[in-house]
Student: 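I am attaching a structure below and will ask some questions about it afterwards.
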Amino acid sequence: MNLQRELRERYDAVVVGAGHAGCEAALALARLGFQTAIFTVSVDSIALMPCNPNIGGSSKGHLVREIDALGGEMGKNIDSTFIQSKMLNQSKGPAVHSLRAQADKKAYSDLMRQKLEKNSNISVKQGEVTELVIENGKIEAVKTFTGAVYECRVCILCTGTYLKAKCITGDVSTFTGPNGLMAATHLSDSLKKHGITIRRFKTGTPARIDGNTVDYEKMEPQYGDEKIVPFSFTNQAEDLSRDQIKCWLTYTNEHTHEIIRNNLDRSPLYSGVIKGTGPRYCPSIEDKVVRFADKNRHQVFIEPEGLYTSEVYIGGMSSSLPEDVQADMYHSVPGLEKARIVRNAYAIEYDCIDSLECKPSLELKKIEGVFSAGQANGSSGYEEAAAQGLLAGINAARKMQDKEPLILDRSQAYIGVLIDDLVTKGTNEPYRMMTSRAEYRLLLRQDNADLRLTPIGYEVGLISEERYQRLIEKQRLIELEIDRIKKATVGGTEKVQELLEKYESTLLQSGITLAELIRRPELSYEKISPIDGDRKQLPEDVCEQVNINIKYEGYIDRQLKQVKQFKKLERRRIPKEIDYTDINSLRKEAVQKLSEIRPESVGQAARISGVSPADISVLLVYLQGCFT
């Protein structure tokens with residue numbers, strides 16, 4: 001007689017995967033009071049950075065600050081573990097300023113693990129989740145490879161690049177996840193069994209080399225900013241001051257490209273070995289050489305992976321070429337002639353969910369109580385994953401609280417743009433966030449993420465009363481100062497004219513408001529301070545908002561009018577029971593797309609690929625006649 005009994009435990013929530021999405025999801029659930037189990041194939045891989053050793057960057061920095069504004073953890077974690085910090089695009093307008101920080105990868109992972117382990121509502125578990133137990137279309141439990149059953153009310157899939165993962169270098173393939181970790185080989189089949197469409201995507205990473213074997217004299221040093229700008233609005237710049245490491249810039253050359261071209265027949269990208277779809281906006285070096293044949297060089301960034309390792313990352317040279325070709329290729333780059341490779345570059349193929357399977361809340365349409373976030377949804381990047389994980393965690397909690405889900409729209413946040421793109425348009429390749437995707441990017445700046453989103457985080461329950469009151473005071477100071485600046489005037493006194501001459505600005509013929517002076521391209525709120533006798537000492541972040549809001553007032557007002565029109569269509573809800581085949585004048589493609597995606601508003605319907613403005617007009621007429 002078989003006396004073996006299965007292990008059974010009960011939690012409010014189960015999070016599958018402990019990468020950047022999983023960590024944010026678990027912390028959000030736990031902080032909102034729910035007992036949460038988080039599963040990982042290796043406890044040592046919590047918040048792992050298997051690719052680039054940095055957080056933030058163009059548009060991604062916006063996501064991290066929004067995560068922080070809502071009460072997430074990524075911003076605080078990188079503030080504590082960065083080894084170089086830099087604000088990108090400072091020569092351009094504030095809409096595209098983006099913070100980027102090099103991380104000590106091990107310190108980042110260790111600190112995030114501590115955050116999970118110290119939360120009494122979180123149980124960290126090492127094991128492979130292989131099956132979802134579904135009854136009557138609703139999640140009841142998950143099963144692990146060992147047969148253990150974990151009952152739950154909600155489940156969040158944050159599986160990253162581990163589902164049926166295969167790492168490829170040349171003609172050598174290994175069925176492992178990133179960094180040689182165990183792949184999750186069974187969960188995809190469980191999802192398919194329940195009708196979930198699975199896609200096959202591909203990404204890759206460059207080699208890591210021994211920094212002691214790099215000739216830095218042949219490279220250009222890349223320094224961090226002297227003045228640190230924190231990712232988290234809870235931190236002050238002066239508290240983050242520390243010695244920063246240097247990164248380095250070098251370039252490929254014609255010899256590098258010749259080595260690659262001569263071995264394209266051995267590249268799994270071109271030989272047919274790789275079947276998955278790769279990221280268009282982060283191509284491998286062999287892709288760059290083929291697609292940009294007119295370029296005689298490409299940038300290569302040498303980035304240290306931490307303070308207590310000599311490993312460095314070769315940014316810009318991801319590859320899946322054979323090992324011997326990689327050695328020749330990297331050694332052809334100035335400064336890397338004698339570099340010793342620690343870890344070879346590789347491509348990785350993996351299963352992910354078709355993001356059109358998700359509602360705007362990130363709950364799966366076909367399985368109640370199951371949410372999906374991060375690379376499991378076909379996105380790329382740590383920041384995109386963390387943003388989805390946070391929203392999935394919030395919405396899973398709100399489902400258990402019997403509250404409406406939190407849906408951020410495209411006019412509120414980059415997170416809203418990211419999720420709306422995924423669930424409305426879908427993606428045929430790993431999705432990367434970019435500033436150009438945000439229609440209202442002048443309103444969605446990284447500097448005002450707290451003003452936009454912290455009140456929402458407070459309502460959700462992830463922002464403390466103290467932090468919320470600090471924000472209210474900041475808003476009050478900004479409004480008072482803007483009002484004062486718009487009313488304060490100066491005339492053509494000697495002091496005023498001297499200041500205008502200093503900045504090569506047109507001299508005054510009559511009185512003018514300080515606001516009008518600030519709007520001049522060559523002037524700013526800070527520059528006119530010597531002629532502003534009534535100016536008070538204000539916090540730096542308040543001064544920044546005053547300057548931006550006055551200088552770009554006309555553009556901001558224009559976008560606010562556009563948002564008003566956008567909101568009209570977003571507020572026009574589409575009943576869940578609508579049958580699009582009943583709308584005779586809709587084109588067949590529109591009927592098919594609308595029936596598949598089931599948009600929740602007319603605004604969302606208008607963004608679906610294959611649905612034309614004419615289709616939207618027909619839909620509006622139909623809704624007016626049938627549902628009013």
Side-chain angles (χ1 to χ4, degrees), residues 56-70 75 86-100 229 231 233 281 383-384 387 407-421 424 432-457 471 474-475 477-479 481-483 485-486 513-527 540-570 603 606-607:
S58 182
S59 77
K60 293 169 177 279
H62 290 67
L63 290 173
V64 181
R65 291 202 118 197
E66 290 180 351
I67 290 165
D68 180 76
L70 287 166
K86 198 168 190 175
M87 184 68 75
L88 305 181
N89 303 324
Q90 292 195 72
S91 62
K92 301 178 182 178
V96 294
H97 292 178
S98 279
L99 192 58
R100 182 178 186 268
V229 177
F231 271 106
F233 292 96
Y281 300 104
E383 303 82 3
E384 290 91 337
I407 310 295
L408 298 174
D409 69 42
R410 302 180 74 89
S411 70
Q412 290 178 292
Y414 269 70
I415 296 175
V417 175
L418 162 67
I419 294 175
D420 184 65
D421 278 353
T424 302
R432 185 191 190 283
M433 192 68 235
M434 295 181 290
T435 52
S436 60
R437 297 189 191 273
E439 303 92 319
Y440 311 113
R441 54 187 170 275
L442 185 54
L443 303 179
L444 308 183
R445 306 183 309 275
Q446 55 89 29
D447 60 78
N448 69 356
D450 60 335
L451 297 166
R452 290 186 279 116
L453 298 176
T454 295
I456 296 173
L471 178 80
K474 177 179 175 179
Q475 288 176 318
L477 292 175
I478 292 168
E479 290 166 6
E481 185 66 354
I482 289 175
D483 185 61
I485 288 290
K486 285 184 174 181
T513 66
L514 293 179
E516 289 176 282
L517 283 180
I518 289 170
R519 291 191 190 104
R520 293 184 178 187
E522 65 277 6
L523 299 178
S524 68
Y525 177 70
E526 196 58 43
K527 287 177 179 176
E540 192 170 338
D541 57 347
V542 170
C543 296
E544 180 182 32
Q545 293 306 308
V546 171
N547 183 63
I548 291 172
N549 277 279
I550 290 176
K551 185 172 278 292
Y552 298 96
E553 185 177 37
Y555 300 102
I556 290 172
D557 286 345
R558 189 184 308 163
Q559 287 215 333
L560 287 171
K561 288 175 183 175
Q562 293 169 351
V563 168
K564 194 174 179 181
Q565 292 299 115
F566 163 79
K567 293 280 192 184
K568 280 184 182 179
L569 291 180
E570 293 301 300
R607 294 189 294 276

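Both backbone and side-chain heavy atoms feed into the values below; hydrogens, waters and symmetry mates do not. Along the sequence shown, residues are numbered consecutively beginning with 1.
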Student: If you round to the nearest 0.5 Å, how far is OH of Tyr414 from CE of Met434?
Tutor: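 Reported value, rounded in 0.5 Å steps: 10.5 Å.
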Student: To the nearest 0.5 Å, tell me how far Arg437 CZ sits from Ser59 OG.
Tutor: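 Going from CZ on Arg437 over to OG on Ser59, the span is 8.5 Å.
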Student: Is any side-chain N of the basic residue among Lys486 and Glu553 closer than 4.0 Å to the acidic one's carboxylate O?
Tutor: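 A salt bridge is present here (some side-chain N lies under 4.0 Å from a carboxylate O).
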Student: Evaluate Leu63 against Ile415 for side-chain contact (heavy atoms from CB on, under 4.5 Å), listing each step before the verdict.
Tutor: CA-CA 6 Å; Leu63 290 173; Ile415 296 175; 3.8 Å; yes
Student: Which residue in the set Gln446, His62, Gln90 passes side-chain hydrogen bond (donor to acceptor under 3.5 Å, both in side chains) when paired with Ser98?
Tutor: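 Only one option passes, and that is His62.
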Student: Is the terminal nitrogen or CZ of Arg65 (NZ for Lys, CZ for Arg) located under 6.0 angstrom from the six-membered ring centre of Phe233 and within 45° of that ring's axis?
Tutor: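 Judged by the rule, Arg65 and Phe233 form a cation-pi pair.
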Student: How long is the span from the CG atom in Leu514 to the CD atom in Glu481, to the nearest 0.5 Å?
Tutor: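 Spacing of CG (Leu514) from CD (Glu481) equals 9.0 Å.
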Student: Please step through salt bridge (charged side-chain N to carboxylate O under 4.0 Å, His left out) for the pair Lys527 and Glu522, ending with a clear verdict.
Tutor: CA-CA 9 Å; Lys527 287 177 179 176; Glu522 65 277 6; over 6 Å; no
Student: How about Thr424 and Asp420: does a side-chain donor come under 3.5 Å of a side-chain acceptor?
Tutor: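 Note: Thr424 and Asp420 side chains meet the donor-acceptor criterion.
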Student: Would you check if Leu408 and Glu66 make a side-chain contact, meaning some heavy-atom pair closer than 4.5 Å?
Tutor: no
Student: Could you point out which residue of Val417, Ile419, Leu418 forms a side-chain contact (heavy atoms from CB on, under 4.5 Å) with Asp421?
Tutor: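 With Asp421 as partner, side-chain contact (heavy atoms from CB on, under 4.5 Å) holds for just one option, Val417.
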Student: Check the pair Tyr525, Ile550 against side-chain contact (heavy atoms from CB on, under 4.5 Å), reporting the backbone distance first and the verdict last.
Tutor: CA-CA 9 Å; Tyr525 177 70; Ile550 290 176; 5.6 Å; no
Student: Atom NZ of residue position Lys567 - does it have more than 12 heavy atoms of other residues, nucleotides or ligands inside 6.0 Å?
Tutor: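 Counting neighbours around NZ of Lys567, more than 12 heavy atoms of other residues, nucleotides or ligands fall under 6.0 Å, so yes.
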Student: How many angstroms lie between NZ in Lys474 and CG in Asp450, if you round to the nearest 0.5 Å?
Tutor: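 Rounded to the nearest 0.5 Å, the NZ-CG separation comes out at 3.5 Å.
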